[in-house]
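Every value quoted in this text rests on a predicted model; they were computed, and no experiment measured them. By convention in this document, chain letters (A, B, ...) are assigned in the order of the sequence lines, proteins followed by strands, and residues within each chain are numbered from 1.
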Protein chains: 2
Amino acid sequence: MDYPPHDTPLPTLADVARLANVSTATVSRCLNSPDQVVGETRKRVMKAVEDLGYAPNFGAKTLAAKQTNTFGAIIPTMENAVFARGIQAFQEELGRHGKTLLIASSAYQEALEEEQIRALAARGADGLLLIGYHRDQAIYDYLRRRSVPYLIAWSYDPAQDQPSIGFDNKSAMADLARLVIQQGHRRIACISAPIVSNDRARDRVEGIRIAMTEAGLDASDLWLIQTPYGIENGSTALRETLAAAPDTTAVMCVNDVLALGALRASKEMGLRVPADISITGFDDIEIASLAEPALTTVHVPHREMGRRAASMLMQMFKRRELPESVRLETDIRLRRSLGPPP
Amino acid sequence: MDYPPHDTPLPTLADVARLANVSTATVSRCLNSPDQVVGETRKRVMKAVEDLGYAPNFGAKTLAAKQTNTFGAIIPTMENAVFARGIQAFQEELGRHGKTLLIASSAYQEALEEEQIRALAARGADGLLLIGYHRDQAIYDYLRRRSVPYLIAWSYDPAQDQPSIGFDNKSAMADLARLVIQQGHRRIACISAPIVSNDRARDRVEGIRIAMTEAGLDASDLWLIQTPYGIENGSTALRETLAAAPDTTAVMCVNDVLALGALRASKEMGLRVPADISITGFDDIEIASLAEPALTTVHVPHREMGRRAASMLMQMFKRRELPESVRLETDIRLRRSLGPPP
DNA sequence: CGCGACAATGTAAACGCTTGCATCGGCGCA
DNA sequence: TGCGCCGATGCAAGCGTTTACATTGTCGCG
């Protein structure tokens, strides 16, 4: 069986019009605003549509109508449950309003993200959801110039002059760090994602430093190690940390997945958590509470964020104005993986 | 700050042509096949493009060129790491060839999936990746009629006359079930996703039945409970199972997430795994080996599947012919969660 | 009975790009 | 010097919609 390029070329509006004995305008109206067409004609047209198996050509439609009912989201990776969940909610909300969501994943590569943003914008997305602030100014200019509404999620920073919905990564992590310090920890290590193009990770690390400084500790004492996303990487990072800084008593990870890896490595090394070493995460993914011991982490309302992001973006498109940025609350989930130092 | 609908309308090919003092044809060629244009002209054109901040209009481009360089994937949910991983690989492979991937998620709803398939097809996707066989025949007809290449992943069933890449869910699960039975289990329960529109789940359940029958057990004795995807749901399902069938000694789950939930519930109920009850999963997601005890499950080469699916689909588009379906091998990862019955 | 208003439909001009074909120089070769 | 060829570029015809505007036919009302 083959896919003839188009042996029977696809039916077009004109074909339908011919068959139904009306003009293309009428067919178009039938499809887009049926109440402008009287019952009998409409029935005839619909039958023709059915018989021909007609489906509108999207490119042509966009070209003529300049609206796609399609929103786009560019996320760093699908393999992170955190984004998956937020985006799922985002899509559900859009769906409720008859909009379609197109997702692209950039695999944490800046160049690729840029390409995808441009692709989605050129494709006429009615609006774009982006993750975090960090990206080339040229992209923002491009988006503004084409007047494509965009919203930044997973970060909230009033200092950044961008419409956004998210939480304050810095202060959330600082809160957690205060708790860690309060438990008596002085030798703290941080396992982070690469911070160079990830403002969320960067802010979280910064949060720890802030709390340390407040407590009279020397922030430059923070042992920092960066590694890509992944359980395995978290494990490796913990081993390296303990090799280089053996007196560490608390390891704060910038996300739960790294923390889970660290947890595993600790156990494999025969360390008891939290008796010998404390470990914390960030995100509160579902398995955080399932781990052994359960992981102390920062809970983030991902679904709420996704849902509200959708509403905001649709508003932006409809009303053509910038919304107020929204700050969501996070809260700390204190679980067994954090305890006093040995 | 506002998003004027288009105060300064976007620059078009014609604008660039005017500024560079060439025809639109030349500009188009500059952008799409630069070697057809001599150096100096090209430079001039590129400068104009730059100055104007020109970006091609995708709709127009598709309309004229009938090729989008875009592939689509419709997955049941992003929240399942299994799909996330496979799709990530799928995208990476496409990216290597300069193609873009658009993803839509159907939240396991048939009607939504259909809508999204149509949307992506109408949008001129060069090819579509679908999950599993189960969907309305009308959709297949539609796709064929529009001659949109499509490939089915995560399932392989020679009986289905569709191009696909995947593994044999039925025999994979049967293999695992044989192992369970071999350990001595006779009272087996199965926690499944809803099987009505999910052939993968259905086949896995069927696999258990086959193994039971082979072993001389009565397949209708299999205690089956269906529940949506999610750890919490897995927990609940386990409790219900044990309430209704208290003599169960092995619980086979159709995916790891449900299994993890079951594991948690067992522990909460004070049962020792596997001493009091054995639990198995399917997929071998990363945390399966991290669980306490580590989960016995079926390992599936998700990334390989994604990567090869991309190649196949690109071939289908280029060569316009149906490929051979590909059957991938799975293998059982025997871990501590499975043991002999008490 | 005639006129205006209005509802239903048709006409045709965009929309922004690609591409087959025509055109135009300039070059090599006899 | 003249011819043919070829590479670079321009011309213009689509591609399949939407939609402003024009046209037609009906109906109610004075």
Side-chain angles (χ1 to χ4, degrees), chain A residues 5-6 8-46 48-49 52-70 118-119 121-124 126 146, chain B residues 5-6 8-46 48-49 52-70 118-119 121-124 126 146:
Chain A
H6 277 148
T8 312
L10 294 178
T12 71
L13 250 207
D15 296 326
V16 177
R18 205 170 308 121
L19 183 60
N21 231 314
V22 295
S23 73
T24 60
T26 302
V27 179
S28 171
R29 283 190 277 254
C30 261
L31 265 23
N32 300 307
S33 38
D35 30 298
Q36 279 185 46
V37 178
V38 79
E40 199 187 337
T41 317
R42 191 173 4 160
K43 215 168 290 174
R44 194 152 28 100
V45 171
M46 288 316 196
V49 166
L52 255 30
Y54 167 80
N57 175 305
F58 190 78
K61 198 162 176 163
T62 325
L63 187 53
K66 321 205 152 223
Q67 194 196 5
T68 59
N69 279 325
T70 295
R118 285 182 198 274
R123 218 155 291 232
D126 289 346
R146 299 189 61 109
Chain B
H6 278 149
T8 312
L10 294 177
T12 71
L13 249 208
D15 296 326
V16 177
R18 205 171 307 121
L19 183 60
N21 231 313
V22 294
S23 73
T24 59
T26 302
V27 179
S28 170
R29 282 191 277 255
C30 259
L31 265 22
N32 300 309
S33 37
D35 30 298
Q36 279 185 46
V37 178
V38 79
E40 198 188 337
T41 317
R42 195 177 359 166
K43 216 168 289 173
R44 194 150 33 96
V45 171
M46 289 315 197
V49 166
L52 254 32
Y54 168 80
N57 175 306
F58 189 78
K61 197 162 177 163
T62 323
L63 187 54
K66 318 204 153 228
Q67 199 202 14
T68 59
N69 279 327
T70 296
R118 285 182 197 274
R123 218 155 292 230
D126 289 345
R146 298 191 62 110

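- Between the NZ atom of Lys66(B) and the C1' atom of dC15(D) there is a distance of 6 Å, rounded to whole Å.
- Qualifying side-chain contact (heavy atoms from CB on, under 4.5 Å) partners for Asp126(A), counting only residues two or more places apart in sequence or in other chains: Gln67(A), Thr68(A), Asn69(A), Phe71(A), Phe317(A).
- Here the closest heavy-atom approach between residue Tyr54(B) and residue Leu31(B) is recorded as CE2-CD2, 3.7 Å.
- Protein chain A contacts DNA chain C from dA8(C) to dG16(C), reading 5' to 3' and using non-hydrogen atoms of the protein with a distance under 4.0 Å.
- Considering all non-hydrogen atoms of both residues, Arg146(A) and Ala55(B) come closest at NH1-CB, 3.0 Å.
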All N/O donor-acceptor pairs, side-chain side in residues 14-21 of chain A, below 3.5 Å, sequence neighbours left out:
unit_1, atom_1, unit_2, atom_2, d
Asp15(A), OD1, Arg18(A), NH1, 3.2
Asp15(A), OD2, Thr12(A), N, 2.8

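- Partners of Ala60(B) by side-chain contact (heavy atoms from CB on, under 4.5 Å), not counting sequence neighbours, listed by chain and number: Leu63(A), Asn57(B).
- In this view, Thr24(A) satisfies the side-chain hydrogen bond (donor to acceptor under 3.5 Å, both in side chains) rule with no residue, not counting sequence neighbours.
- Counting only residues at least two apart or on different chains, no salt bridge (Lys or Arg N to Asp or Glu O under 4.0 Å) pair has a member in residues 26-43 of chain B.
- When all heavy atoms of Pro34(A) and Cys30(A) are compared, the closest pair comes out as CG-O, 3.5 Å.
- Using five terminal pairs a side, the axes of the helix from dC1(C)-dG30(D) to dA30(C)-dT1(D) at its two ends make an angle of 40°, given in steps of 10 degrees.
- Ala64(A) is linked by a side-chain contact (heavy atoms from CB on, under 4.5 Å) to nothing, counting only residues two or more places apart in sequence or in another chain.
- Counting non-hydrogen atoms under 4.0 angstrom, Phe58(A) reaches nothing in the nucleic acid.
- Every side-chain contact (heavy atoms from CB on, under 4.5 Å) that Thr41(B) has, sequence neighbours left out, goes to Val22(B), Thr26(B), Val37(B), Val38(B), Arg44(B), Val45(B).
- The stretch residues 22-43 of chain B touches DNA chain C through Ala25(B), Ser28(B), Arg29(B), Asn32(B), each having a heavy atom under 4.0 angstrom from the strand.
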